[in-house]
Each structure stands twice: as structure tokens, then as C-alpha cells.
Amino acid sequence: MARRNHRKLARSFYSRATLEVAPEMVGKYIIYHSPAGRLSARIVEVEAYIGQDDPACHAAPGPTKRNRVMYGQPGHSYVYLIYGMYYCLNFVTEKPGFPAAVLLRAAEPCERLEVMRRNSPRQKEEKILSGPGKFCRSFGLSGVHNGLDLTGSTLFLEDRAEVAPVIASSQRVGIRKGTDHHWRFYDDNSSSVSRR
DNA sequence: TGAATGATGCGCT
DNA sequence: GCGCATCATTCAT
């Protein structure tokens, strides 16, 4: 059972401007009720992808089969395959019809580290969720988790009413276009951030 | 410690 | 065909 100060984030959290939501996600907890048990982690790094005018956003070409959940209700998961072998997990933001999302890039493991280790045997604890592909592999997330409602009980975020971390920002990682925006947000005190 | 590179599948032009 | 919101390995300093 969740403790009283562990509050699941409601749809109203996601249904806002992405540049408000993204930095607030750092320091929140992600919970996944997997077939192997309840996994959780503290988010330390995210990136915002905002609308058709953001050239790095998957919605830049307009609506397609792949990006369609970004156009739907906020508070859903957007999971896609990248480089033929890694999955990336995003959280859909803004109002329905406006395509935007926050990419989860890194986290610190909390519950069920042994399950994560089974999925990523060579990783040290502080690096096992350090990178968007590594996070999904260690958590056991893949394309079947695309479009999940984050107000449900399988996959969701929690506010644990801790002291908010100091947030740093930078250019987004691994993109060719849209590098003028500093839409990556991370906890500067965490050793689980993917890049310095 | 850092740069280069191969693995690998799919959406889009 | 091309180009990825990546990662692990290899080889160089």
C-alpha cells in the first residue's frame, strides 16, 4: 500500500505547458507494476519535445501512425523503438490535439533492483537506469507499453513530498535539429545522470 | 578518458 | 534507401 505522503500524479499534472511539467518531473518517482513485481525509481533526467514546430519532436512531420498517442490525452505513455534495438519511454503532456511529451532519460533505482539487474546484468547500481534505452531495458518496458494511461495502476508517477532537487538544464542529447533549445532538465547532484 | 564504430528495425520520403 | 530522442565495445592517447 502506498504511504499517505506518496501521491500518484493526476492527469492535471500532465495537462499543462511541457516546460512547466518537465522540470517538475525531476525528483518524482516512477512506479511500474511489472510481472516480476513492483519496480520503482527516482527520476533524475528528462527532456521536453514540444509540438510540430520543434524539429526534434517526433510530431514535427504532423500526425502519423507512430506518433499518434502524442496527439491524444495527456497522462499517457509514448514508447517507441530507436536504432532498431532500444525503447524510449515518454509521458504525453499538454491538451489533446497538441503533440508534446517528456522523455525519461535517467533515474536512480529504488525498489526491486534485483529485477533490473536480471534485465541488465553488467550495470553498476547507479548506472543501471542511466540513459533512455537502459532505463527501458532494465525496467522491462517495450512497445507493448505504448499508450498506457498513467492514471491507472500499472505505470504511474508519484510525488513523495521530498525537498525539491536543484535543477540544471542544457541542450538535448543525441539530436541533430532543435539544438538551440535547452530543454533537458536534470538533478545536478545525482550520479545517475546520463551525461555531464 | 575520449573518439570511432557496429548492431539492428522501422517509419518516412 | 536514409536516418534516427542509443549503447557497448574497441582502439587510441
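Residue numbers begin at 1 in each chain, while the letters A, B, ... track the order of the sequences. These values consider heavy atoms only, across backbone and side chains, with no hydrogens, waters or symmetry-generated copies.
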S.K.: Measure across A/Arg195 and A/Val173 and return the closest heavy-atom pair with its distance rounded to 0.1 Å.
M.R.: NH1-CG1, 3.1 Å
S.K.: What parts of residues 177-196 of chain A reach DNA chain B, counting only heavy atoms under 4.0 Å away?
M.R.: none
S.K.: Are A/Arg160 and A/Glu162 within salt-bridge range, i.e. N to O under 4.0 Å?
M.R.: no
S.K.: Stems involving DNA chain B: give each as a range paired with a range, ordered by first number, where a stem means at least three consecutive Watson-Crick or G-U wobble pairs under 3.5 Å.
M.R.: B:1-7 with C:6-12, B:9-12 with C:1-4
S.K.: Tell me which pairs pass salt bridge (charged side-chain N to carboxylate O under 4.0 Å, His left out) where either residue lies in residues 178-190 of chain A, with sequence neighbours left out.
M.R.: A/Arg42-A/Asp187, A/Glu45-A/Arg184, A/Asp188-A/Arg196
S.K.: Using whole Å, what does the distance between atom P of nucleotide C/dA5 and atom CD of A/Glu45 come to?
M.R.: 16 Å
S.K.: Verify the distance criterion only: is there a donor paired with an acceptor across the side chains of A/Ser15 and A/Glu94 at less than 3.5 Å?
M.R.: no
S.K.: Any chance you could lay out the salt bridge (Lys or Arg N to Asp or Glu O under 4.0 Å) test for A/Arg38 and A/Glu111, step after step, and finish with the verdict?
M.R.: CA-CA 7 Å; A/Arg38 178 190 154 106; A/Glu111 295 169 82; 3.1 Å; yes
S.K.: Ion pair present between A/Arg105 and A/Glu47, side-chain N to carboxylate O less than 4.0 angstrom?
M.R.: yes
S.K.: What interatomic distance, in whole Å, is found between P of B/dT5 and the corresponding atom of C/dT13?
M.R.: 14 Å
S.K.: Which ones in residues 94-102 of chain A lie close to DNA chain C, meaning a heavy atom under 4.0 Å from one of its atoms?
M.R.: none
S.K.: In residues 76-88 of chain A, which residues come under 4.0 Å of DNA chain C by heavy atom?
M.R.: A/Tyr80, A/Ile82, A/Tyr83, A/Tyr86
S.K.: Between the main-chain N or O of A/Ser191 and the side-chain N or O of A/Lys127, is there a donor-acceptor pair closer than 3.5 Å?
M.R.: yes
S.K.: Only pairs at least two apart or in different chains count here, so list each ring pair (Phe, Tyr, Trp, His ring centres under 6.0 Å) that has a residue in residues 9-41 of chain A.
M.R.: A/Tyr32-A/His145
S.K.: I'd like the 5' and 3' limits of the part of DNA chain B contacted by chain A, with heavy-atom contacts below 4.0 Å.
M.R.: B/dA7 to B/dC12
S.K.: Within a radius of less than 6.0 Å around CG of A/Asn5, do more than 12 heavy atoms belonging to other residues, nucleotides or ligands occur?
M.R.: yes
S.K.: Any chance you could pull the hydrophobic cluster mates of A/Val144, using side-chain heavy atoms under 4.5 angstrom and chaining through other members?
M.R.: none
S.K.: If we ignore hydrogens and angles and just use 3.5 Å, is the side chain of A/Asn67 paired with the main-chain N or O of A/Thr64 as donor and acceptor?
M.R.: yes
S.K.: Quick check on contacts: within residues 121-145 of chain A, what sits under 4.0 Å from DNA chain C by heavy-atom distance?
M.R.: A/Arg122, A/Gln123, A/Gly131, A/Pro132, A/Gly133, A/Lys134, A/Arg137
S.K.: Not counting sequence neighbours, list each pair that qualifies as a salt bridge (charged side-chain N to carboxylate O under 4.0 Å, His left out) and has a residue in residues 141-157 of chain A.
M.R.: A/Arg11-A/Asp149
S.K.: Does one hydrophobic cluster hold both A/Leu39 and A/Met25, with members joined at side-chain heavy-atom distances below 4.5 Å?
M.R.: yes
S.K.: Output, in order, the C-alpha distance, side-chain angles, deciding distance and verdict of side chain to side chain contact (heavy atoms under 4.5 Å, CB included) for A/Tyr87 and A/Leu141.
M.R.: CA-CA 7 Å; A/Tyr87 290 94; A/Leu141 296 171; 6.0 Å; no
S.K.: Under the criterion ring-ring contact (aromatic ring centres under 6.0 Å, His included), I'd like the reasoning laid out for A/Tyr80 against A/His58: C-alpha separation, chi angles, the key distance, then a yes or no.
M.R.: CA-CA 10 Å; A/Tyr80 63 87; A/His58 284 177; 4.5 Å; yes
S.K.: Sequence neighbours left out, what pairs pass ring pair (Phe, Tyr, Trp, His ring centres under 6.0 Å) with at least one residue falling in residues 93-136 of chain A?
M.R.: A/Phe135-A/Phe139
S.K.: To the nearest angstrom, how far is A/Met70 atom CE from C/dA5 atom P?
M.R.: 12 Å
S.K.: A/Ala48: what forms a side chain to side chain contact (heavy atoms under 4.5 Å, CB included) with it, not counting sequence neighbours?
M.R.: A/Thr18, A/Leu19, A/Ala22, A/Ile50, A/Trp183
S.K.: Between the side chain of A/Ser130 and the main-chain N/O of A/Ala106, is any donor-acceptor distance below 3.5 Å?
M.R.: no
S.K.: Under 4.0 Å between any heavy atoms, over every strand shown, what does A/Leu103 touch: base, sugar-phosphate, or nothing? Just pick one.
M.R.: base
